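These notes concern the structure reproduced below.
Computed from heavy atoms alone, side chains included, the values below leave out hydrogens, waters and symmetry copies. Just so you know, these numbers come straight off a predicted model, no measurement behind them. Residue numbers start from 1 in every chain, and the chains themselves are labelled A, B, ... in the order their sequence lines are given, proteins ahead of strands.
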2 protein chains.
Amino acid sequence: MAQSDTVDRILDAAEELFAERGFSETSLRMITSKASVNLAAVNYHFGSKNALIHSVFARFLTPFSDTLEQAFDELEQNCAGEPPTLDQTLRALTESAVRMPQRNERGISIFMRLLGLAYTQSQGHLRKFLEQQYSQPFGRFMRLLKEATPQLSAVDRYWRIQFMLGATAFTMSSSDALRDILQNKLGVETSVQDIVARLVPFLAAGMQASDPMQAPVGKPSVA
Amino acid sequence: MAQSDTVDRILDAAEELFAERGFSETSLRMITSKASVNLAAVNYHFGSKNALIHSVFARFLTPFSDTLEQAFDELEQNCAGEPPTLDQTLRALTESAVRMPQRNERGISIFMRLLGLAYTQSQGHLRKFLEQQYSQPFGRFMRLLKEATPQLSAVDRYWRIQFMLGATAFTMSSSDALRDILQNKLGVETSVQDIVARLVPFLAAGMQASDPMQAPVGKPSVA
DNA sequence: CGCCCGGTCAAACGTATGTTTCAAACAGAT
DNA sequence: ATCTGTTTGAAACATACGTTTGACCGGGCG
């Protein structure tokens, strides 16, 4: 049957172009010409450009979501009763991302970059789509974070989670470029796993910093 | 003689629209109609849309750059000889941003959002413009960071700086949305100053986390 | 006054976008 | 071989964009 692979070709091309140029900066014509398919194929198979964007996200977010739920299951099972630590929770997340079945070696990088874009570019439809589609694993992650940092106020925790998201999405989204720079400047090779290994302690330390609102600063602050 | 204020009206409108919608998502027609000026005025006064973007950045980045240099001067002067601490350096940066003379109360928010967008949206011309225009204060900030974290290897420092940049740029670029969410969920009002006040300790703690490559992984006490 | 010139304006330019159309090609079942 | 529903193809659609044009206005200066 060889039922046409047009759909996948479009998704592959769209994914890559979106990741490196953003959504509004990527036209359907770029996508279809990169995918070597007819322009009309996008609207035929997906309905609209926005729907294509949703499909691109769904293709990697759904498996990731499943992997993540599974990792969280194991985590909670292993430390039965006690809530998992912050470090364990973060590791469950990052390892789910890294271990996820990739279509190619740049997969994880593209994946991260798209997540960053989704958050950054103010595409109302995308945010709505993601919220009503993947609220469950996201909510679960949030709950785990909450249990792992009982010392934080809700507001502090909220902001620090945003800081973590930012550091992660940003770093991963430009990880290719950053790795090249490092390679040129210091002659050091780096893998995505290396980056993650450095990122997690950074995040955990930031997350557990002493309360900014009551802790005095190291040096007596100039009132 | 009431020399036309068209230029400023355009800059004001552009600044606001860019901040809330991004660059490619904001058309000249939106800008000119918000500013109540003729469409052709943009190309007449600025030459092109890209040049307008540059002008928007220059208008707040140049004073900020000056303020920052001054803050760094004072900083280095005060702790004569000794290099400023990480916390001091970060505070010099953020306080320069916050204290900068604002055109209106949303100024700092817009300013941050635009900086985040500049880093996030892959506008080649913008990055080039910023690099060749404001490389000096940026380089100086990097040098101060280096002196404030002598315990870090070059590679560790490199990655952690990226993490900091990411957390900052990302948070600031979506700060309005994040503040709204917080307002709806917990009924808490937040100012940019609040966010910054929470961000700095997070960054400082992450920056000074124990070396990820030699520290044991489990959950040891903080050595 | 006449002249000029910085600034404004409505209108048009050419190009690129997302989407639609409709005929042709194709597959599989009858 | 013929029919049927699905998928491709080239072309056109309407709209929006950034930019350019040329007419027009209103003071300052000779």
Of the listed nucleotides [options], the one nearest the side chain of [X]:
X: A:S27; options: D:dT8, C:dT19, C:dG18; result: C:dG18
X: B:K49; options: D:dG18, D:dG9, C:dG7; result: D:dG18
X: B:N38; options: D:dG18, C:dA10, D:dT8; result: C:dA10
X: B:L39; options: C:dT8, D:dT19, C:dT19; result: D:dT19
X: B:S48; options: C:dT19, D:dT19, D:dG18; result: D:dT19

query: Among A:R59, A:K34, A:R21, whose salt bridge (charged side-chain N to carboxylate O under 4.0 Å, His left out) with A:E15 holds?
result: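 Result: among A:R59, A:K34, A:R21, A:R59 is the only option passing the salt bridge (charged side-chain N to carboxylate O under 4.0 Å, His left out) with A:E15.
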message: With no hydrogens and no angle check, just 3.5 Å: does a side-chain donor-acceptor pair link A:S24 and B:E25?
response: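 Yes - a donor-acceptor pair under 3.5 Å links their side chains.
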task: Please determine, by modelled atom types, if B:T190 and B:R179 share a side-chain donor-acceptor pair under 3.5 angstrom.
output: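 No donor-acceptor contact under 3.5 Å links the two side chains.
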Measure the distance from [atom1] on [X] to [atom2] on [N] and round it to the nearest whole Å.
X: B:F46; N: D:dT20; atom1: CZ; atom2: C1'; result: 18 Å
X: B:Y44; N: C:dC5; atom1: OH; atom2: P; result: 12 Å
X: A:D5; N: C:dA27; atom1: CG; atom2: C1'; result: 15 Å
X: B:M30; N: D:dT15; atom1: CE; atom2: P; result: 17 Å
X: A:N43; N: D:dT6; atom1: CG; atom2: C1'; result: 17 Å
X: A:R21; N: C:dT17; atom1: CZ; atom2: C1'; result: 13 Å
X: A:R29; N: D:dA12; atom1: CZ; atom2: P; result: 13 Å
X: B:I53; N: D:dC17; atom1: CD1; atom2: C1'; result: 14 Å

message: Applying a 4.0 Å non-hydrogen cut-off, can you work out what B:T26 is touching in the nucleic acid: base, sugar-phosphate, or nothing?
response: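 If one applies the 4.0 Å heavy-atom cut-off, B:T26 turns out to touch the sugar-phosphate alone, with no base involved.
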message: Taking any heavy-atom pair under 4.0 Å as a contact, classify B:A40: base, sugar-phosphate, or nothing.
response: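 It contacts base atoms.
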task: Starting at CZ of B:R91, measure out to CD of B:E95 and round the result to the nearest 0.5 Å.
output: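 B:R91 atom CZ to B:E95 atom CD measures 6.5 Å (nearest 0.5 Å).
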message: Using OP1 and OP2 only, check whether a side-chain N or O of A:H45 sits under 4.0 Å from D:dT6.
response: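 A:H45 to D:dT6 OP1/OP2: no side-chain N or O under 4.0 Å.
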- prompt: At under 4.0 Å, does any side-chain N or O of A:T6 touch on OP1 or OP2 of D:dT8?
  reply: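 Yes, such a contact exists.
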task: Name the residue closer to the 5' end of DNA chain C, choosing between A:S24 and B:A41 according to the nucleotide with the nearest heavy atom.
output: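 With A:S24 and B:A41 compared, the 5'-side residue is B:A41.
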- prompt: Distance-only, no hydrogens or angles: does the A:R157 side chain make a donor-acceptor pair with backbone N or O of A:T149 under 3.5 Å?
  reply: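 Present.
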